[in-house]
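Please read the structure below before turning to the comments.
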Amino acid sequence: MRMIFIGPPGAGKGTQAARLVERYAIPHISTGDMFRAAVAAGTPLGKQADAHMRDGRLVPDEVTIGLVMERIGQDDAQGGFMLDGFPRTVPQAEALDRALSAAGLQLDVVLVLEVPDDLIVDRITGRRSDPETGEIYHVTFNPPPPSIAGRVIQRRDDTEEACRRRLAGFHSQTAPIVPFYEAKGIVRRVDGVGAPDEVTTRITAALTGS
Ligand code: AMP
């Protein structure tokens, strides 16, 4: 299964992607996670990505495309993958398409998770994660258990200002890639409003047609 996951920041892609990759036994390739790891490790890639990410702006296409092409060429991605956070621009979608076609491959599904803008800011600014397990929480909607409440952290780009910039970028740069995939007949749209389990049920139905 080769799939990509598209949705605004805070739509719940990370949470749902983690469930899907377990089910399909494919690697979860999140460009945001890869960039955050590179920033934390202080690599040259991390240094390039750092300022863009902090402000809620996209990392330049040439950097991002190179990173993803290398990742999907690795052994564990040969049977399929879940791309989360990539492609985010039309040139990224075109580069992925070219690389897959050259290898005689194609995407099976493009999952579009839809959440209205007015819910996004609340979701993002309340988002916290456990650095030890990667589990994602929300201060109001899904509070961390008291035993770990003291160690949860907030992403530095989860401020209201950076969130609004990322949301604007989603609408201007990422949403336009959906028609590119609609033309191939592989887009499945899913309502992302509601509890995570409800959204998982909708995704399962959209993927299996049940
Ligand atoms: P995410 O975790 O997907 O919200 O990504 C966090 C940040 O990483 C984004 O705001 C961008 O700065 C950067 N980033 C992640 N994926 C991409 C991408 N496909 N193209 C450019 N920048 C990206």
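Predicted, not measured: the structure shown is a model, and the values here were computed from it. Numbering of ligands and ligand atoms starts at 1, following listing order. Here, residue 1 is the first one in the sequence, and each next residue gets the next number.
- Looking at Arg155 against ligand 1, only its side chain comes within 4.0 Å, counting heavy atoms.
- Ion pair Asp108/Arg188 not flagged as a salt bridge, since none of the NZ, NE, NH1 or NH2 atoms sits closer than 4.0 Å to an Asp/Glu carboxylate oxygen.
- In summary, Arg36 and Asp33 engage in a salt bridge, as defined by a charged side-chain N under 4.0 Å from a carboxylate O.
- At least one heavy atom of Arg36 sits less than 4.0 Å from an atom of ligand 1.
- Here the protein heavy atom with the shortest distance to atom 7 (C) of ligand 1 is Met53 CE, 3.9 Å.
- Atom CZ of Arg155 is separated from atom OG1 of Thr125 by 13.0 Å, given to the nearest 0.5 angstrom.
- Among protein heavy atoms, atom 19 (N) of ligand 1 sits closest to Gly85 O, 2.8 Å.
- Counting protein heavy atoms only, atom 11 (C) of ligand 1 is closest to Arg57 O, 3.6 Å.
- A salt bridge links Arg189 with Glu182: at least one charged nitrogen is closer than 4.0 Å to a carboxylate oxygen.
- The closest approach between a heavy atom of Lys13 and any atom of ligand 1 is not below 4.0 Å.
- Atom 23 (C) of ligand 1 has as its closest protein heavy atom Phe35 CE1, 3.8 Å.
- Looking at Val59 against ligand 1, both its backbone and its side chain come within 4.0 Å, counting heavy atoms.
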Problem set entry | Evaluation steps, salt bridge (charged side-chain N to carboxylate O under 4.0 Å, His left out), between Arg123 and Asp158 | CA-CA 9 Å; Arg123 280 196 184 186; Asp158 277 353; over 6 Å; no

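- Contact detail for Ala17 and Asp84: the closest heavy-atom pair is CB-OD2, 4.1 Å.
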